[in-house]
Colleague: 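Here it is, the structure in full.
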Amino acid sequence: MRIGEASRISGASARSLRHYEDEGLIVPGRCGNGFRDYCRSTIERVLVIRSLLESGLPVRLIRELLPDAAEGSDVGTGAVGAEFLREVEGYRDRLAARIAVLREQQAALDAYLRQARRAETVRRGLPAGPDHARVAGGSATIDHDGTVARRRDRDPDGA
DNA sequence: ATTCTCACA
DNA sequence: TGTGAGGA
């Protein structure tokens, strides 16, 4: 079958199917007209790839886990090497590190929203609200207390 | 109507 | 991964 049907059956977009091929995860055949030809085993392989992807394994590791798409016929054995496990662990650790960073960013935004809402409430209750959110040139960061710390990239008039 | 490759506001 | 171009 061609990529269209393979896409419907596997649930992977034609784009993804071509991508998996570029990544060496699958090796569909080719018809005379150059169209890709997907056989049943390839479809099954795509299904496995998708589940693995959803499990969080990066393409690189999936490639190592699955038997060579080129030669072999059917799917995964159970022969996982110790080195492979270490790679997965490494990936998971890096993921954890990224999550930690994301948590900090989320905390910073939560803090910012709290102080921003507080400021909004205060403004309504007071005669005049002098300071508003000002966004000027340069970069800015939001601290854990919700404070927006701005800094000019370079002070034009300073020496 | 489908697919292919290539490139990216 | 999506999307569009330009061709088969």
Side-chain angles (χ1 to χ4, degrees), chain A residues 1-113 116-117 120 132-144 146-156:
Chain A
M1 66 182 87
R2 295 180 310 193
I3 202 171
E5 192 179 358
S7 174
R8 289 188 298 90
I9 295 179
S10 67
S13 66
R15 180 72 168 81
S16 296
L17 258 15
R18 296 193 185 97
H19 181 57
Y20 299 155
E21 180 182 350
D22 289 336
E23 292 300 313
L25 264 30
I26 57 176
V27 183
R30 289 281 180 166
C31 299
N33 56 14
F35 288 9
R36 272 164 267 248
D37 183 42
Y38 296 80
C39 62
R40 186 176 59 87
S41 63
T42 299
I43 296 297
E44 291 178 8
R45 200 179 162 84
V46 169
L47 262 24
V48 173
I49 291 171
R50 301 224 95 196
S51 63
L52 254 25
L53 242 21
E54 285 181 32
S55 296
L57 278 189
V59 169
R60 209 196 99 234
L61 292 182
I62 291 179
R63 187 189 301 123
E64 293 184 38
L65 180 60
L66 266 41
D68 275 330
E71 45 180 287
S73 50
D74 44 18
V75 297
T77 70
V80 286
E83 34 76 30
F84 176 73
L85 293 182
R86 292 189 64 76
E87 290 188 282
V88 175
E89 287 174 25
Y91 182 73
R92 182 217 52 200
D93 290 343
R94 278 178 282 167
L95 243 188
R98 287 165 55 194
I99 289 173
V101 170
L102 292 176
R103 283 221 165 89
E104 285 181 44
Q105 299 181 320
Q106 180 181 48
L109 291 184
D110 284 341
Y112 167 73
L113 289 174
R117 293 191 182 106
E120 177 71 7
H132 289 232
R134 290 155 300 185
V135 178
S139 59
T141 58
I142 296 178
D143 301 314
H144 287 180
T147 294
V148 176
R150 292 180 298 141
R151 73 169 190 231
R152 273 171 283 190
D153 291 327
R154 214 173 19 166
D155 199 332

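A, B, ... follow the sequence lines: proteins, then strands. Residue 1 opens every chain. Quantities reported herein were computed from a predicted structural model and do not represent experimental measurements.
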Colleague: I'd like the 5' and 3' limits of the part of DNA chain C contacted by chain A, with heavy-atom contacts below 4.0 Å.
Modeller: dT1(C) to dT3(C)
Colleague: Locate the shortest heavy-atom distance separating Ala140(A) from Val148(A); write the atom from each residue and the value.
Modeller: CB-CG1, 4.2 Å
Colleague: Assess whether a salt bridge exists between Glu87(A) and Arg60(A), defined as any Lys/Arg side-chain N lying under 4.0 Å from an Asp/Glu carboxylate O.
Modeller: yes
Colleague: Given Tyr20(A), which of Arg45(A), Arg50(A), Arg15(A) fulfils the side chain to side chain contact (heavy atoms under 4.5 Å, CB included) condition?
Modeller: Arg50(A)
Colleague: Can you name the closest pair of heavy atoms from Asp143(A) and Ala111(A) and give their distance?
Modeller: O-CB, 4.4 Å
Colleague: Hey, does the side chain of Arg15(A) come within less than 4.0 Å of dT5(B)'s phosphate (OP1/OP2), counting only N and O?
Modeller: no
Colleague: Give the rounded distance in Å between these two atoms: CD of Glu21(A) and P of dC6(B).
Modeller: 12 Å
Colleague: Closer to the 5' end of DNA chain C via nearest nucleotide, is it Phe35(A) or Leu53(A)?
Modeller: Leu53(A)
Colleague: Using whole Å, report how far CG of Leu17(A) lies from C1' of dT5(B).
Modeller: 16 Å
Colleague: What would the secondary structure line of DNA chain C be in dot-bracket form, counting Watson-Crick and G-U wobble pairs under 3.5 Å, with [ ] for pairs that cross earlier ones and | for pairs with another strand?
Modeller: .|||||.|
Colleague: Can you give me the closest heavy-atom contact between Ile3(A) and Ala14(A), atom names plus distance?
Modeller: CD1-O, 3.5 Å
Colleague: How close or far is atom P of dC4(B) from atom NE2 of His19(A), stated in whole angstroms?
Modeller: 16 Å
Colleague: Check whether more than 12 heavy atoms from other residues, nucleotides or ligands sit under 6.0 Å from atom CZ of Arg30(A), and answer yes or no.
Modeller: yes
Colleague: Could you tell me whether Glu21(A) and Arg63(A) make a salt bridge, using a distance below 4.0 angstrom between a side-chain N and a carboxylate O?
Modeller: no
Colleague: Quickly work out the Arg18(A) CZ to dC4(B) P distance and round it to whole Å.
Modeller: 5 Å
Colleague: What is the separation between atom CZ on Arg8(A) and atom C1' on dT2(B), rounded to the nearest whole Å?
Modeller: 13 Å
Colleague: Whether Arg36(A) contacts dT3(B) is assessed here as follows: a side-chain N or O lying under 4.0 Å from the phosphate OP1 or OP2. Is that the case?
Modeller: no
Colleague: Just the rounded figure in Å: distance from C1' of dT3(B) to CZ of Arg2(A).
Modeller: 7 Å
Colleague: How close do Tyr38(A) and Arg2(A) get, counting heavy atoms only, and between which atoms?
Modeller: CD1-C, 3.9 Å
Colleague: Which heavy atom of Ala12(A) sits nearest to which heavy atom of Ser7(A), and what is that distance?
Modeller: O-OG, 2.6 Å
